Amino acid sequence: MGSASEQIIVPLDVPGEGEAIALLDALPQVTFWKVGLELFVSSGPTLLKELKSRNKRIFLDLKFHDIPNTMAGACRAAGRYGVDLLTVHAASGKAALMAAQTAAAEGAQASGCEPPRVIAVTLLTSIDERSLSTDLKIPVALTDYIQQMALLAQESGLRGAVCSPQEASLLRRTCGDDFWLVCPGVRPTWAQKGDQQRAMTPAEAVQAGAHYLVIGRPITQAADPAAAFAQICEEMGG
Ligand code: C5P
């Protein structure tokens, strides 16, 4: 896993290329960046090439959810960019998940890159227990559903999941050490919680079983982003 600084993934949560490049320039010490839907739709391919040219690791968080053939096509294309992590929804089902992992590796191989690790979104954190049962008609406890989705992903050949730090210890026990847990919802004690009300500190999240932490606003909105990043690394033990 490497040092604390290599365990932190910073999201490029900005609308376009100019703002993204400014963030990359402001934080040269960040090695791992997340590209999500907004930035990808506005300027994805250019940005991914820019990140590769700076030797950065890339978490492409597009949360694919489709039939196996379409998932395979999208994952093959993502694999060609040489990304390191790629998200798909576990609820896409076993055939789609298997197709996703295989196609991502094929895409990477075609462009001479390492295969990305395809990881599963178990359940969006915007879905709570009430909407799971009332709106989606899934009558199981939230944590049981999350655990089942992680197991489905693992059985389908995926090698990790995105989860809240609150679920990290359960999923680490359920899926083992080689199944990477990537956790947003992390806040140092000195940062504002914002909309991450159930956040853990970086050290607590790692202690709970997270392999990687996605930490955005405490770094990107800080008066001195580089100093905030350095402080988090120090609090995690360097
Ligand atoms: O700024 P903040 O640290 O809250 O950013 C967290 C990042 O992780 C954002 O890109 C957000 O979209 C993403 N994320 C999240 N909660 C989830 C899944 C993804 O905060 N359940």
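Model, not experiment: these values are computed from the prediction. Note that ligands are numbered from 1 as they come in the structure, with each ligand's atoms numbered from 1 the same way. Each residue takes its place number in the sequence, starting with 1.
- When only non-hydrogen protein atoms are considered, atom 10 (O) of ligand 1 lies nearest to Asp13 OD2, 2.7 Å.
- Geometrically, ligand 1 and Asp195 share no nitrogen or oxygen pair separated by less than 3.5 Å.
- Judged by distance alone, the side chains of Gln147 and Thr174 do bring a donor and an acceptor atom under 3.5 Å apart.
- Rounding to the nearest 0.5 Å gives a distance of 7.0 Å between OG1 of Thr87 and CG of Leu60.
- Salt bridge status for Asp178 with Arg117: absent, with no side-chain N to carboxylate O gap under 4.0 Å.
- Looking at every heavy atom in both residues, Pro202 comes nearest to Ile232 through CG-CG2, 3.8 Å.
- Ring geometry for Tyr81 against Phe40 counts as perpendicular: the plane angle is over 60°, on a 0 to 90° scale with 30° as the lower cut.
- Look at Asp84 and Lys56 and you find no salt bridge, because none of the NZ, NE, NH1 or NH2 atoms lies under 4.0 Å from a carboxylate O.
- Close approach to Arg217 involves these atoms of ligand 1, each under 4.0 Å from a residue heavy atom: 1 (O), 2 (P), 3 (O), 4 (O).
- Scanning all protein heavy atoms for the shortest distance to atom 7 (C) of ligand 1 gives Val214 CG1, 3.7 Å.
- If you check which protein heavy atom lies closest to atom 15 (C) of ligand 1, you get Pro184 CB, 3.5 Å.
- In terms of protein heavy atoms, atom 2 (P) of ligand 1 is closest to Arg187 NH2, 3.5 Å.
- No heavy atom of Gln221 sits closer than 4.0 Å to any atom of ligand 1.
- No path of Ile, Leu, Val, Met, Phe, Trp and Tyr side chains, each step under 4.5 Å between heavy atoms, connects Ile21 with Phe229, placing them in separate hydrophobic clusters.
- In terms of N/O distances under 3.5 Å, ligand 1 is approached by Gly216.
- From the protein, the heavy atom lying nearest to atom 12 (O) of ligand 1 is Lys34 NZ, 4.2 Å.
- Near Thr125, with a cut-off below 4.0 Å to any heavy atom, the atoms of ligand 1 are 16 (N), 17 (C), 21 (N).
- Annotation: atom 6 (C) of ligand 1 to nearest protein heavy atom, Gln196 NE2, 3.9 Å.
- Ring-plane geometry between His65 and His89 is classed as tilted, the angle between the planes lying from 30 to 60 degrees on a 0 to 90 degree scale.
- Taking any N or O of Lys63, backbone or side chain, none lies under 3.5 Å from an N or O belonging to ligand 1.
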